[in-house]
Amino acid sequence: MKLQGKHIVVGITGSIAAYKAATLIRCLIKEGAEVQVVITPAGKEFITPLTLSTLTNKPVVSEFFDRRDGSWHSHVSLGLWADLMLIAPASAATLGKMAHGIADNMLLTTYLSMKAPTWVAPAMDLDMYAHEATQNNLSILQQRGVHIIDAGSGFLASGLEGKGRMAEPEHIAGEVIRYFESGAMPLATPLSKAPLQGKRVLITAGPTYEAIDAVRFIGNHSSGRMGYALASACKAQGAEVTLVSGPTALPDPLGVKTVRVTSALEMLQASEAIFPKSEIAIFSAAVADYRPTTPVEGKMKRETLGQELQIQLTKNPDIAATLGAKKEARQLLVGFALETSPNEEEALRKMRVKGMDMMVLNSLSDQGAGFGGTTNKIALLSATEVVHFPLKSKEEVAQDIVQAIIKRLERV
Ligand code: PMT
(Lines give C-alpha, C1' and ligand atoms only; values in the text may rest on other atoms or scores of the structure.)
Protein backbone atom coordinates (compact mmCIF):
# COMPACT_ATOMS: atom_id res chain seq x y z
CA MET A 1 0.00 0.00 0.00
CA LYS A 2 2.33 2.68 -1.29
CA LEU A 3 -0.16 5.54 -0.94
CA GLN A 4 -1.46 4.67 2.53
CA GLY A 5 -2.58 7.82 4.34
CA LYS A 6 -2.27 10.08 1.27
CA HIS A 7 -5.16 12.43 0.46
CA ILE A 8 -5.60 13.04 -3.25
CA VAL A 9 -8.09 15.41 -4.86
CA VAL A 10 -8.84 14.09 -8.35
CA GLY A 11 -10.22 16.84 -10.59
CA ILE A 12 -12.24 15.74 -13.64
CA THR A 13 -13.11 18.05 -16.52
CA GLY A 14 -15.17 17.82 -19.70
CA SER A 15 -13.25 15.46 -21.91
CA ILE A 16 -13.97 12.07 -23.40
CA ALA A 17 -10.94 10.82 -21.43
CA ALA A 18 -13.02 11.30 -18.24
CA TYR A 19 -13.83 7.57 -18.43
CA LYS A 20 -10.15 6.88 -17.72
CA ALA A 21 -10.48 8.73 -14.41
CA ALA A 22 -12.40 5.74 -13.03
CA THR A 23 -9.40 3.45 -13.60
CA LEU A 24 -7.03 6.09 -12.24
CA ILE A 25 -9.08 6.37 -9.04
CA ARG A 26 -9.13 2.59 -8.65
CA CYS A 27 -5.33 2.46 -9.03
CA LEU A 28 -4.87 5.16 -6.36
CA ILE A 29 -7.34 3.60 -3.93
CA LYS A 30 -5.82 0.14 -4.41
CA GLU A 31 -2.55 1.61 -3.08
CA GLY A 32 -4.30 3.00 0.01
CA ALA A 33 -4.96 6.62 -1.05
CA GLU A 34 -8.08 8.48 0.07
CA VAL A 35 -9.56 10.15 -3.01
CA GLN A 36 -11.97 13.08 -3.20
CA VAL A 37 -13.37 13.79 -6.64
CA VAL A 38 -14.12 17.37 -7.72
CA ILE A 39 -15.78 17.46 -11.13
CA THR A 40 -16.72 20.34 -13.44
CA PRO A 41 -20.28 20.63 -14.81
CA ALA A 42 -18.96 19.56 -18.24
CA GLY A 43 -17.15 16.60 -16.67
CA LYS A 44 -20.50 15.21 -15.47
CA GLU A 45 -21.61 14.92 -19.09
CA PHE A 46 -18.84 12.35 -19.63
CA ILE A 47 -18.85 10.28 -16.42
CA THR A 48 -21.55 10.04 -13.77
CA PRO A 49 -21.01 11.20 -10.20
CA LEU A 50 -22.64 7.92 -9.13
CA THR A 51 -19.78 5.90 -10.64
CA LEU A 52 -17.21 8.15 -8.99
CA SER A 53 -18.82 8.27 -5.56
CA THR A 54 -19.18 4.48 -5.61
CA LEU A 55 -15.48 4.09 -6.42
CA THR A 56 -14.30 6.60 -3.80
CA ASN A 57 -16.93 5.91 -1.18
CA LYS A 58 -17.43 9.68 -0.88
CA PRO A 59 -19.92 12.13 -2.36
CA VAL A 60 -18.54 13.83 -5.45
CA VAL A 61 -18.05 17.59 -5.13
CA SER A 62 -19.22 19.68 -8.05
CA GLU A 63 -21.26 22.64 -6.82
CA PHE A 64 -20.39 25.31 -4.25
CA PHE A 65 -23.21 24.05 -2.06
CA ASP A 66 -25.38 20.95 -1.77
CA ARG A 67 -28.71 21.60 -3.54
CA ARG A 68 -30.59 19.28 -1.16
CA ASP A 69 -29.66 20.79 2.19
CA GLY A 70 -27.83 23.96 1.21
CA SER A 71 -24.64 22.90 3.01
CA TRP A 72 -21.48 24.65 1.83
CA HIS A 73 -18.69 22.73 0.09
CA SER A 74 -15.49 24.31 1.26
CA HIS A 75 -12.82 24.50 -1.41
CA VAL A 76 -10.55 26.01 1.23
CA SER A 77 -10.72 22.93 3.44
CA LEU A 78 -10.10 20.68 0.40
CA GLY A 79 -7.00 22.78 -0.29
CA LEU A 80 -5.76 22.06 3.22
CA TRP A 81 -6.80 18.38 3.26
CA ALA A 82 -5.02 17.31 0.06
CA ASP A 83 -1.45 16.01 -0.28
CA LEU A 84 -1.85 16.27 -4.06
CA MET A 85 -4.35 17.66 -6.55
CA LEU A 86 -4.44 15.67 -9.76
CA ILE A 87 -6.57 17.01 -12.60
CA ALA A 88 -7.05 14.16 -15.05
CA PRO A 89 -8.29 14.71 -17.66
CA ALA A 90 -7.52 18.44 -17.86
CA SER A 91 -9.36 20.04 -20.79
CA ALA A 92 -8.05 23.03 -22.77
CA ALA A 93 -10.75 25.20 -21.16
CA THR A 94 -9.79 24.26 -17.61
CA LEU A 95 -6.06 24.72 -18.32
CA GLY A 96 -6.80 28.19 -19.73
CA LYS A 97 -8.88 29.15 -16.70
CA MET A 98 -6.22 27.83 -14.31
CA ALA A 99 -3.54 29.83 -16.10
CA HIS A 100 -5.57 33.02 -15.85
CA GLY A 101 -7.20 32.57 -12.45
CA ILE A 102 -10.78 32.32 -13.69
CA ALA A 103 -12.59 30.66 -10.80
CA ASP A 104 -16.01 29.95 -12.26
CA ASN A 105 -16.56 26.44 -10.92
CA MET A 106 -15.77 24.36 -7.85
CA LEU A 107 -12.76 22.66 -9.43
CA LEU A 108 -11.13 25.99 -10.25
CA THR A 109 -11.78 27.52 -6.81
CA THR A 110 -10.30 24.36 -5.29
CA TYR A 111 -7.21 24.78 -7.48
CA LEU A 112 -6.82 28.42 -6.43
CA SER A 113 -7.09 27.44 -2.75
CA MET A 114 -4.80 24.43 -3.08
CA LYS A 115 -1.87 24.23 -0.64
CA ALA A 116 -0.61 20.91 -2.08
CA PRO A 117 1.19 20.44 -5.41
CA THR A 118 -1.08 20.33 -8.45
CA TRP A 119 -0.61 18.02 -11.41
CA VAL A 120 -2.51 18.13 -14.70
CA ALA A 121 -2.89 15.42 -17.32
CA PRO A 122 -4.08 17.24 -20.46
CA ALA A 123 -6.50 15.53 -22.84
CA MET A 124 -7.85 17.11 -26.01
CA ASP A 125 -7.79 17.02 -29.77
CA LEU A 126 -4.39 17.30 -31.46
CA ASP A 127 -4.96 20.79 -32.92
CA MET A 128 -6.20 22.14 -29.60
CA TYR A 129 -3.20 20.64 -27.84
CA ALA A 130 -0.73 22.03 -30.36
CA HIS A 131 -2.39 25.48 -30.41
CA GLU A 132 -0.18 28.30 -29.18
CA ALA A 133 -2.83 29.33 -26.66
CA THR A 134 -2.85 25.89 -25.00
CA GLN A 135 0.93 25.62 -25.07
CA ASN A 136 1.25 29.12 -23.54
CA ASN A 137 -1.21 28.20 -20.81
CA LEU A 138 0.73 25.01 -20.05
CA SER A 139 3.96 26.94 -19.87
CA ILE A 140 2.40 29.55 -17.51
CA LEU A 141 1.21 26.75 -15.25
CA GLN A 142 4.58 25.00 -15.37
CA GLN A 143 6.36 28.21 -14.38
CA ARG A 144 4.07 28.37 -11.36
CA GLY A 145 5.08 24.87 -10.29
CA VAL A 146 2.12 22.94 -11.71
CA HIS A 147 3.39 19.60 -12.89
CA ILE A 148 2.35 18.57 -16.41
CA ILE A 149 1.90 14.89 -17.23
CA ASP A 150 2.49 15.12 -20.94
CA ALA A 151 -0.24 13.90 -23.28
CA GLY A 152 0.53 10.87 -25.40
CA SER A 153 0.11 10.27 -29.12
CA GLY A 154 -2.33 7.90 -30.76
CA PHE A 155 -5.93 7.63 -31.94
CA LEU A 156 -8.10 10.43 -30.62
CA ALA A 157 -11.86 10.51 -30.07
CA SER A 158 -12.17 12.78 -33.12
CA GLY A 159 -10.93 9.92 -35.29
CA LEU A 160 -7.72 11.79 -35.97
CA GLU A 161 -4.33 10.55 -34.90
CA GLY A 162 -1.81 12.70 -33.02
CA LYS A 163 -0.78 14.12 -29.68
CA GLY A 164 -3.50 14.84 -27.15
CA ARG A 165 -4.40 11.52 -25.50
CA MET A 166 -4.44 11.61 -21.73
CA ALA A 167 -1.58 9.57 -20.26
CA GLU A 168 -2.69 6.08 -19.24
CA PRO A 169 -4.13 5.82 -15.70
CA GLU A 170 -1.60 3.16 -14.65
CA HIS A 171 1.26 5.42 -15.77
CA ILE A 172 -0.15 8.41 -13.85
CA ALA A 173 -0.69 6.30 -10.71
CA GLY A 174 2.90 5.00 -11.03
CA GLU A 175 4.20 8.57 -11.18
CA VAL A 176 2.14 9.52 -8.13
CA ILE A 177 3.68 6.59 -6.21
CA ARG A 178 7.21 7.51 -7.35
CA TYR A 179 6.56 11.14 -6.38
CA PHE A 180 5.56 10.26 -2.83
CA GLU A 181 8.39 7.73 -2.55
CA SER A 182 10.91 10.37 -3.62
CA GLY A 183 10.18 12.56 -0.61
CA ALA A 184 7.17 14.37 -2.07
CA MET A 185 7.87 18.02 -1.36
CA PRO A 186 10.07 19.12 -4.25
CA LEU A 187 7.52 19.14 -7.08
CA ALA A 188 5.51 21.69 -5.10
CA THR A 189 8.30 24.21 -5.39
CA PRO A 190 7.59 26.88 -8.01
CA LEU A 191 10.25 26.55 -10.70
CA SER A 192 11.45 30.11 -10.15
CA LYS A 193 12.49 29.23 -6.58
CA ALA A 194 13.98 25.78 -7.23
CA PRO A 195 17.73 25.62 -6.53
CA LEU A 196 18.63 23.89 -9.82
CA GLN A 197 16.40 26.07 -12.00
CA GLY A 198 18.27 27.01 -15.17
CA LYS A 199 20.77 24.16 -14.74
CA ARG A 200 21.01 21.47 -17.40
CA VAL A 201 21.98 18.06 -16.06
CA LEU A 202 23.31 15.06 -17.96
CA ILE A 203 22.98 11.71 -16.18
CA THR A 204 24.21 8.33 -17.42
CA ALA A 205 22.43 5.33 -15.93
CA GLY A 206 21.96 1.59 -16.18
CA PRO A 207 24.16 -1.04 -17.75
CA THR A 208 25.43 -1.25 -21.30
CA TYR A 209 24.95 -4.37 -23.40
CA GLU A 210 27.80 -5.31 -25.74
CA ALA A 211 26.68 -7.61 -28.52
CA ILE A 212 28.38 -10.99 -28.93
CA ASP A 213 25.94 -11.97 -31.67
CA ALA A 214 22.33 -11.15 -32.54
CA VAL A 215 20.98 -12.61 -29.27
CA ARG A 216 23.85 -12.69 -26.76
CA PHE A 217 25.63 -9.86 -25.03
CA ILE A 218 28.08 -8.93 -22.29
CA GLY A 219 26.33 -6.88 -19.60
CA ASN A 220 26.06 -6.42 -15.85
CA HIS A 221 23.51 -6.30 -13.02
CA SER A 222 22.77 -2.56 -13.03
CA SER A 223 19.02 -1.93 -12.91
CA GLY A 224 19.27 1.81 -13.58
CA ARG A 225 17.44 2.62 -10.32
CA MET A 226 20.21 4.80 -8.89
CA GLY A 227 20.50 6.93 -12.03
CA TYR A 228 16.74 7.21 -12.54
CA ALA A 229 16.31 8.32 -8.91
CA LEU A 230 18.99 10.96 -9.51
CA ALA A 231 17.18 12.16 -12.63
CA SER A 232 13.91 12.58 -10.68
CA ALA A 233 15.70 14.27 -7.77
CA CYS A 234 17.42 16.78 -10.09
CA LYS A 235 14.17 17.42 -11.95
CA ALA A 236 12.38 17.96 -8.63
CA GLN A 237 14.89 20.72 -7.83
CA GLY A 238 14.06 22.51 -11.09
CA ALA A 239 16.82 21.21 -13.38
CA GLU A 240 16.38 20.37 -17.06
CA VAL A 241 17.52 16.76 -17.06
CA THR A 242 18.66 14.49 -19.88
CA LEU A 243 19.07 10.87 -18.88
CA VAL A 244 21.19 8.69 -21.12
CA SER A 245 20.11 5.22 -20.16
CA GLY A 246 21.33 1.76 -21.01
CA PRO A 247 18.75 -1.05 -21.22
CA THR A 248 16.48 -1.09 -18.14
CA ALA A 249 12.94 -2.13 -17.31
CA LEU A 250 12.19 1.27 -15.75
CA PRO A 251 9.77 3.79 -17.29
CA ASP A 252 11.10 7.22 -18.30
CA PRO A 253 11.21 9.44 -15.20
CA LEU A 254 8.52 12.09 -15.21
CA GLY A 255 9.52 15.27 -17.02
CA VAL A 256 12.99 13.96 -17.87
CA LYS A 257 14.25 13.69 -21.45
CA THR A 258 15.36 10.07 -21.65
CA VAL A 259 17.67 8.87 -24.41
CA ARG A 260 17.72 5.07 -24.61
CA VAL A 261 20.95 3.44 -25.77
CA THR A 262 22.31 -0.10 -25.74
CA SER A 263 26.09 -0.15 -25.95
CA ALA A 264 28.94 1.88 -24.43
CA LEU A 265 29.73 3.42 -27.81
CA GLU A 266 26.11 4.59 -28.17
CA MET A 267 26.15 5.92 -24.60
CA LEU A 268 29.33 7.86 -25.33
CA GLN A 269 27.92 9.31 -28.54
CA ALA A 270 24.65 10.42 -26.86
CA SER A 271 26.49 11.84 -23.83
CA GLU A 272 29.01 13.72 -25.98
CA ALA A 273 26.14 15.47 -27.76
CA ILE A 274 24.54 16.62 -24.49
CA PHE A 275 27.64 17.36 -22.38
CA PRO A 276 28.60 20.76 -23.90
CA LYS A 277 25.09 22.07 -23.11
CA SER A 278 25.19 20.83 -19.49
CA GLU A 279 26.24 22.58 -16.30
CA ILE A 280 26.19 19.34 -14.29
CA ALA A 281 27.01 15.76 -15.32
CA ILE A 282 26.51 12.68 -13.15
CA PHE A 283 28.00 9.38 -14.30
CA SER A 284 26.08 6.62 -12.54
CA ALA A 285 26.06 4.10 -15.40
CA ALA A 286 27.79 0.76 -15.07
CA VAL A 287 29.47 0.84 -18.47
CA ALA A 288 30.88 -2.46 -19.75
CA ASP A 289 34.64 -2.08 -19.84
CA TYR A 290 35.04 -4.33 -22.90
CA ARG A 291 33.03 -5.21 -26.00
CA PRO A 292 33.39 -8.12 -28.42
CA THR A 293 35.74 -6.86 -31.14
CA THR A 294 33.65 -8.28 -33.98
CA PRO A 295 30.07 -9.17 -33.04
CA VAL A 296 28.79 -12.12 -35.04
CA GLU A 297 25.98 -11.33 -37.46
CA GLY A 298 22.91 -13.46 -36.76
CA LYS A 299 22.85 -16.12 -34.03
CA MET A 300 25.89 -18.32 -33.44
CA LYS A 301 24.83 -21.94 -33.66
CA ARG A 302 25.64 -23.85 -30.47
CA GLU A 303 26.01 -27.09 -32.44
CA THR A 304 28.79 -25.67 -34.61
CA LEU A 305 30.75 -24.21 -31.69
CA GLY A 306 33.53 -26.19 -30.02
CA GLN A 307 33.87 -27.07 -26.34
CA GLU A 308 35.55 -23.74 -25.71
CA LEU A 309 34.71 -20.43 -27.31
CA GLN A 310 37.12 -17.54 -27.40
CA ILE A 311 35.76 -14.05 -27.89
CA GLN A 312 38.19 -11.28 -28.58
CA LEU A 313 37.38 -8.13 -26.64
CA THR A 314 38.23 -4.48 -27.27
CA LYS A 315 38.38 -1.92 -24.47
CA ASN A 316 35.43 0.47 -24.42
CA PRO A 317 36.02 4.20 -24.11
CA ASP A 318 35.69 5.60 -20.60
CA ILE A 319 32.73 7.98 -20.93
CA ALA A 320 33.35 9.83 -17.65
CA ALA A 321 37.06 10.26 -18.39
CA THR A 322 36.44 11.33 -22.02
CA LEU A 323 34.03 14.06 -20.92
CA GLY A 324 36.08 14.87 -17.81
CA ALA A 325 38.98 15.76 -20.11
CA LYS A 326 36.71 18.31 -21.83
CA LYS A 327 35.36 19.79 -18.60
CA GLU A 328 34.99 23.58 -18.48
CA ALA A 329 35.22 25.67 -15.29
CA ARG A 330 31.42 26.31 -15.37
CA GLN A 331 30.73 22.56 -15.18
CA LEU A 332 30.40 20.29 -12.14
CA LEU A 333 31.09 16.60 -12.67
CA VAL A 334 30.08 13.77 -10.33
CA GLY A 335 31.37 10.24 -10.82
CA PHE A 336 30.51 6.95 -9.14
CA ALA A 337 32.97 4.34 -7.93
CA LEU A 338 31.72 0.80 -7.46
CA GLU A 339 34.30 -1.05 -5.39
CA THR A 340 34.43 -4.55 -3.91
CA SER A 341 35.05 -3.02 -0.47
CA PRO A 342 34.82 0.64 0.69
CA ASN A 343 38.10 1.87 -0.80
CA GLU A 344 38.27 5.65 -0.49
CA GLU A 345 41.81 5.82 -1.89
CA GLU A 346 40.67 4.09 -5.07
CA ALA A 347 37.59 6.32 -5.39
CA LEU A 348 39.77 9.42 -5.02
CA ARG A 349 42.19 8.05 -7.62
CA LYS A 350 39.27 7.57 -10.06
CA MET A 351 38.07 11.09 -9.25
CA ARG A 352 41.45 12.56 -10.21
CA VAL A 353 42.11 10.53 -13.36
CA LYS A 354 38.56 11.00 -14.69
CA GLY A 355 38.47 14.76 -14.00
CA MET A 356 35.53 14.57 -11.57
CA ASP A 357 34.74 17.16 -8.87
CA MET A 358 32.92 14.73 -6.61
CA MET A 359 32.71 10.97 -6.28
CA VAL A 360 29.98 8.70 -4.95
CA LEU A 361 31.52 5.57 -3.48
CA ASN A 362 29.38 2.43 -3.10
CA SER A 363 30.72 -0.99 -2.24
CA LEU A 364 29.56 -4.48 -3.05
CA SER A 365 30.61 -5.68 0.43
CA ASP A 366 28.04 -3.39 2.10
CA GLN A 367 24.76 -5.24 2.48
CA GLY A 368 21.96 -3.57 0.46
CA ALA A 369 24.39 -1.39 -1.50
CA GLY A 370 25.21 -1.20 -5.21
CA PHE A 371 23.49 -3.12 -8.01
CA GLY A 372 19.92 -4.12 -8.45
CA GLY A 373 18.13 -3.51 -5.15
CA THR A 374 16.15 -0.51 -4.00
CA THR A 375 18.70 0.70 -1.42
CA ASN A 376 22.26 1.99 -1.43
CA LYS A 377 24.93 3.00 1.06
CA ILE A 378 27.33 5.66 -0.09
CA ALA A 379 30.19 7.93 0.88
CA LEU A 380 30.47 11.27 -0.91
CA LEU A 381 34.03 12.31 -1.61
CA SER A 382 35.55 15.54 -2.81
CA ALA A 383 39.09 16.89 -2.72
CA THR A 384 38.43 18.35 0.75
CA GLU A 385 36.00 16.04 2.55
CA VAL A 386 34.45 12.61 2.87
CA VAL A 387 30.84 12.29 4.11
CA HIS A 388 29.44 8.86 5.02
CA PHE A 389 25.73 8.11 4.79
CA PRO A 390 23.75 5.17 6.26
CA LEU A 391 21.82 2.63 4.15
CA LYS A 392 18.85 4.41 2.54
CA SER A 393 16.43 3.97 -0.35
CA LYS A 394 17.95 4.95 -3.70
CA GLU A 395 15.47 7.86 -3.85
CA GLU A 396 16.80 9.19 -0.53
CA VAL A 397 20.41 8.59 -1.60
CA ALA A 398 19.70 10.57 -4.78
CA GLN A 399 18.34 13.44 -2.69
CA ASP A 400 21.48 13.42 -0.51
CA ILE A 401 23.67 13.59 -3.63
CA VAL A 402 21.59 16.40 -5.15
CA GLN A 403 21.70 18.38 -1.89
CA ALA A 404 25.51 18.01 -1.87
CA ILE A 405 25.61 19.29 -5.47
CA ILE A 406 23.40 22.28 -4.54
CA LYS A 407 25.64 23.12 -1.55
CA ARG A 408 28.72 22.90 -3.72
CA LEU A 409 27.17 25.23 -6.33
CA GLU A 410 26.25 27.72 -3.60
CA ARG A 411 29.90 27.84 -2.48
CA VAL A 412 31.19 28.68 -5.97
O1 PMT B 1 21.69 0.70 -11.53
P2 PMT B 1 21.56 0.22 -10.10
O3 PMT B 1 21.12 -1.24 -10.05
O4 PMT B 1 20.70 1.11 -9.26
O5 PMT B 1 23.02 0.20 -9.46
C6 PMT B 1 23.68 1.40 -9.21
C7 PMT B 1 25.16 1.29 -9.51
C8 PMT B 1 25.80 0.27 -8.58
C9 PMT B 1 25.39 0.86 -10.96
C10 PMT B 1 25.76 2.72 -9.27
O11 PMT B 1 25.54 3.10 -7.94
C12 PMT B 1 27.26 2.75 -9.56
O13 PMT B 1 28.10 2.48 -8.73
N14 PMT B 1 27.61 3.12 -10.82
C15 PMT B 1 29.00 3.13 -11.32
C16 PMT B 1 29.42 1.72 -11.65
C17 PMT B 1 30.83 1.67 -12.24
O18 PMT B 1 30.97 1.38 -13.38
O19 PMT B 1 31.80 2.05 -11.40
P20 PMT B 1 33.38 2.10 -11.82
O21 PMT B 1 34.06 2.32 -10.53
O22 PMT B 1 33.73 0.93 -12.65
O23 PMT B 1 33.48 3.37 -12.74
C24 PMT B 1 33.87 4.66 -12.28
C25 PMT B 1 33.13 5.77 -13.01
O26 PMT B 1 33.50 5.77 -14.38
C27 PMT B 1 31.63 5.67 -12.98
O28 PMT B 1 31.13 6.98 -12.84
C29 PMT B 1 31.27 5.07 -14.32
O30 PMT B 1 29.98 5.49 -14.77
C31 PMT B 1 32.36 5.67 -15.20
N32 PMT B 1 32.71 4.83 -16.36
C33 PMT B 1 33.34 3.63 -16.20
C34 PMT B 1 33.73 2.90 -17.30
C35 PMT B 1 33.46 3.42 -18.58
N36 PMT B 1 33.82 2.75 -19.68
N37 PMT B 1 32.84 4.60 -18.72
C38 PMT B 1 32.46 5.30 -17.63
O39 PMT B 1 31.87 6.39 -17.77
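We count residues from 1, following the sequence as given. Both ligands and their constituent atoms are indexed starting at 1 by order of listing.
- For the pair Ile172 and Leu86, the minimum side-chain heavy-atom distance is below 4.5 Å.
- Within 4.0 Å of ligand 1, protein heavy atoms belong to Ser222, Ser223, Gly224, Arg225, Met226, Phe283, Ser284, Ala285, Ala286, Val287, Asp289, Pro317, Asp318, Ile319, Ala320, Gly335, Phe336, Ala337, Leu338, Lys350, Lys354, Asn362, Gly370, Phe371, Gly372, Asn376, Lys394, listed by chain and number.
- A salt bridge links Asp150 to Lys163: at least one charged side-chain nitrogen sits closer than 4.0 Å to a carboxylate oxygen.
- Neither side chain, Thr314 nor Tyr290, offers a donor N or O lying under 3.5 Å from an acceptor on the other.
- Ring pair His221/Phe371 is perpendicular by interplanar angle, where above 60° counts as perpendicular and below 30° as parallel.
- Using a 4.0 Å cut-off between charged nitrogen and carboxylate oxygen, Glu410 and Lys407 do not count as a salt-bridge pair.
- A salt bridge links Asp400 with Lys392: the distance from a Lys NZ or Arg NE/NH1/NH2 to an Asp or Glu carboxylate oxygen falls below 4.0 Å.
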